[in-house]
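Since we're looking at a predicted model, the values are computed, not measured. Note: hydrogens, waters and symmetry copies are ignored here, and every other heavy atom, side chains too, is used.
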Amino acid sequence: TDAAEETFEYQAEVDRLMDMIVNSLYSNREVFLRELISNASDALDKARFVGLTKPEIMKGKEQLEIRVSCDKDAKTITIEDSGIGMTKEQLLENLGTIARSGTKRFMEMMKEAKSAGENNLIGQFGVGFYSAFLVADRVTVVTKSAEEDKQWIWSAAAGSHKFTIKEDESTSLIRGTRIVLHCKEDADELIDPVMLSRLIKQYSQFISFPIKLYSAKKEPVKVVDDEATKRKQEAEDKKAAEESREKTTVEPVMKTEYTDSWDWRTENENKPIWVRNPKDVSDETYNEFFKTTFSEFLDPLAHQHFNVEGTIEFSGILYIPGMAPFDQQQMQAAKSRNIKLYVKRVFISDEFDDNLMPRYLSFIKGVVDSSDLPLNVSREILQESRITRLIRKQLVKRSIDMISDLASVEGGEDYRTFWENFGRNIKIGVIEDTENRDKLAKLVRFYSSAATEEGKLVSLDEYITRMKDGQKAIYYMAADNLDVARSAPFVEKLISKGYEVLYLIDPVDEAMVTNLATYDKRDLVDVSKEGLNLSDNEEDAKKTEEVTKEFAAVVDFLKKSLGERVEAVKVSDRLTDSPCALVTSKFGWSANMERIMKGQAFGDQRTMEYMKGRKIMEINPDSDIIKGLKTLVAEKDEDRARDLADLLFETSLLTSGFAVDSPRDYAGKVFTLMKIALGYDGSAESAPAAESAAPAAEAPKATETPKKTKKAKSTVIEPEVVDPNDPWGGNNKA
């Protein structure tokens, strides 16, 4: 006869709590397998622990393992372990009351286990166990404790107020627990060995006990190819007839077919190398673990294996990938999914935003395993706490140390590769991470005027070793590309006097150095801004003062002519070749930053006007053009001087990195100069527009033709309609 079945009721508020567990607590129902395997792992841990003092409990089933199988026809998923098992009383205690197995009881047991010095359990039968109802409408638990001979069956349906317990007359279990999930109609996709294998590998591949899945594998089998054998026999018979001999039976033709071979196969063969001593792990093992765990095909550039002990305990491995992701924006995504979080080797999540890593280090990949993490009941959400901040601080510190070690390697090829892939992240770190700004600044690399080979990058420390005696600042020039930076008028005098200039050509560079401001007690100075003093001694300062007095009239005239377009006009000591340049005020945007901000899709126009740097024109007293302007001012030829001032200003806008307000007007002036240079009579420019199409005077040819006189005329195609009031009209000759 069947054993008597007893019916029990859950404790109060079952409906509300069950609804919370099934519908609210877990956002992803796939975690049911993680929770049940975690519980099985705890049961195996307990069996191994008890077995040390009571070896007899291991009799008949010495192997500690977890077995997972599914049956599509019966619509069931089965998880079985050879752990400690449960008695009837333990079934009632652990599975009979949700309140006891909820958050409060969970935390109580964690504290008890810790104070007693026992294993820090991953999960308990309770809230984790009830995740089974995410996918099952009925759950059956068959269990046999090592402490008694009876086997018990616990059964409950989803949404029910009751559960039943009865003695199982079968003795299918020697020791342990078997959970059978009778799956819901919408859970068919989970009743598949391939899906179960994926979930095991995702969540539980580092469990210390073997997890075996009953699955199929294609095995080659040799079978007789009847058709080919028949054809071979017919050919043999025909040949025998032709040769008038007896027929012989040919050897059968074999072919290979693949059949499904069902067996128990271990799914978690990838070992958690972070729990081993770093001295015992080879570089090849680290690299293989990286490629397997993160689906990478290149070896990492560097790795850091660590164990933290003290207030909190956790271990892990961090890696610098061998290349950046193809989608660069993925590195700055809100969820990088590059740090995999484990609690006692059980995968919890890789979606913790910047709780564990700041945005600029989102390219770092790694695993972190800790028993102290403050997780919520579902173990999906990392709660903000002091422990989280301590772990984050450790991860950031070790990541920066790992990058610093890579940078210090002689030769530097690996660091060059790193910088090409992730250099911008480090620059963003200088901006955002004030606590580690000085450490990160040491890792930054720049193009330099002192580079000995094309494309070579230098660090700030290298720059400081090459500074001239008495040099107090680090000079830099920001532009949109290297050629523009090298040819900028602002760097002419600096380079000629032997000063090194750093070239900033990445859009984020200028924001980075602005935030950095100083390095090793030396200011970082933008050479395109006002206030640059290159007077090496009193003699230079005195000479500059004399030249300023000499060109005072030119300075006054330019300020008067240009009006509000410039804040001031000064004699420069930073120019050698260029006649003039436009520098910006110290506290506004530079020309390069203004260009970058104009390109922002959602730029604020009010901020643009407020932050624009005031333009200050600096003139080069050694330039022939400035000397010529000085002569025009002295001769009171204000019209020509004013025209020259306008052209100087607009040209210096371009050479200084700004945009010309009216490219058409500027082009017209340049075209006019080109015609004058070609020998055309400038007086034609002042003629009325109606006469602008008339033939203009042509420059004399090197050799005359019979059809042309000395004043030969030719039709000139004008680039635009000439304005009768063109300032370049009149009798101005080149």
Side-chain angles (χ1 to χ4, degrees), residues 444-454 456-506 509-510 512-514 516-545 547-548 569-586 590-593 613 615-623 626 651-658:
V444 178
R445 298 292 183 266
F446 302 94
Y447 289 100
S448 167
S449 61
T452 54
E453 56 187 81
E454 188 67 26
K456 180 176 172 57
L457 299 171
V458 303
S459 67
L460 291 172
D461 287 330
E462 288 178 78
Y463 181 100
I464 289 172
T465 61
R466 293 193 289 262
M467 287 175 65
K468 292 183 63 176
D469 291 339
Q471 182 181 343
K472 298 177 181 178
I474 298 171
Y475 299 118
Y476 69 87
M477 172 67 207
D480 59 348
N481 63 63
L482 201 54
D483 290 336
V484 171
R486 284 170 174 162
S487 60
F490 311 108
V491 303
E492 294 171 355
K493 192 69 167 280
L494 283 159
I495 293 175
S496 68
K497 296 186 78 168
Y499 290 100
E500 182 176 357
V501 180
L502 300 176
Y503 298 135
L504 279 56
I505 61 173
D506 194 355
D509 282 350
E510 193 168 354
M512 176 194 65
V513 296
T514 303
L516 185 59
T518 62
Y519 181 80
D520 196 18
K521 298 180 181 180
R522 294 171 173 85
D523 292 336
L524 280 85
V525 174
D526 185 346
V527 299
S528 71
K529 291 193 173 184
E530 67 173 331
L532 184 68
N533 184 7
L534 297 180
S535 298
D536 293 333
N537 48 51
E538 289 184 11
E539 186 179 335
D540 287 344
K542 187 176 180 181
K543 183 180 178 182
T544 301
E545 188 178 340
V547 172
T548 301
V569 179
K570 298 179 180 178
V571 175
S572 176
D573 67 346
R574 75 176 86 199
L575 303 175
T576 55
D577 300 324
S578 301
C580 61
L582 290 174
V583 301
T584 51
S585 53
K586 270 189 177 181
S590 67
N592 183 63
M593 184 58 72
K615 297 180 180 67
I616 300 165
M617 176 179 265
E618 292 193 0
I619 59 173
N620 178 7
D622 297 325
S623 167
I626 299 301
T651 304
S652 62
L653 279 173
L654 294 175
T655 59
S656 302
F658 296 98

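Side-chain contact between D526 and E510 is present, with at least one heavy-atom pair separated by less than 4.5 Å. Annotation: side chain of I464 is in contact with side chain of Y519 (closest heavy-atom distance under 4.5 Å). A heavy-atom distance below 4.5 Å is found between the side chains of R574 and V583.
Nearest heavy atom pair, residue E530 against residue I616, reads OE1-CD1, 3.2 Å. The minimum heavy-atom distance between L582 and K615, with the atom names listed, is CD1-CD, 4.3 Å. Taking all atoms of both residues into account, the shortest heavy-atom contact from I505 to L482 is CG2-N, 3.7 Å. The two residues L457 and E462 have their closest heavy-atom pair at O-OE2, 4.3 Å. Across all their heavy atoms, K529 and S585 have their closest contact at CD-O, 3.6 Å. Counting all heavy atoms, side chain and backbone alike, G498 lies closest to K468 at O-CD, 3.7 Å.
Rounding to the nearest 0.5 Å places CG of D573 at 7.5 Å from CD of E618. Taken to the nearest 0.5 Å, the CE atom of M512 stands 9.5 Å off from the OH atom of Y476. Atoms OH and OG, on Y475 and S528 in that order, are 13.5 Å from each other to the nearest 0.5 Å. Of the inter-residue distances, the one linking D506 atom CG with N481 atom CG reads 12.5 Å to the nearest 0.5 angstrom. The OH atom of Y447 sits 12.0 Å away from the CG atom of L504 when rounded to the nearest 0.5 Å. The line from CG of D577 to OG of S487 is 11.5 Å long, rounded to the nearest 0.5 Å.
In this structure, D523 contributes its side chain and A473 its backbone to no donor-acceptor pair below 3.5 Å. Judged purely by atom type and a 3.5 angstrom limit, S449 uses its side chain to pair as donor or acceptor with the backbone of V501. In this structure, the side chain of K493 does not engage the main chain of S572 through any donor-acceptor pair within 3.5 Å. In this structure a side-chain-to-backbone donor-acceptor pair under 3.5 Å is present from S448 to A450. With Y463 contributing its side chain and E500 its backbone, the two residues share a donor-acceptor pair below 3.5 Å.
Residues D509 and Y503 have side chains that never bring a donor and an acceptor to within less than 3.5 angstrom of each other.
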### Task
Any chance you could lay out the side chain to side chain contact (heavy atoms under 4.5 Å, CB included) test for L494 and L532, step after step, and finish with the verdict?
CA-CA 10 Å; L494 283 159; L532 184 68; 4.2 Å; yes

### Task
Take F658 and S652 through the side chain to side chain contact (heavy atoms under 4.5 Å, CB included) test and state the conclusion after the steps.
CA-CA 8 Å; F658 296 98; S652 62; over 6 Å; no

#### Entry: From CA spacing to verdict: side chain to side chain contact (heavy atoms under 4.5 Å, CB included), L460, D520
CA-CA 9 Å; L460 291 172; D520 196 18; over 6 Å; no

### Query
L502 and V458: side chain to side chain contact (heavy atoms under 4.5 Å, CB included), yes or no, with the steps?
CA-CA 9 Å; L502 300 176; V458 303; 3.8 Å; yes

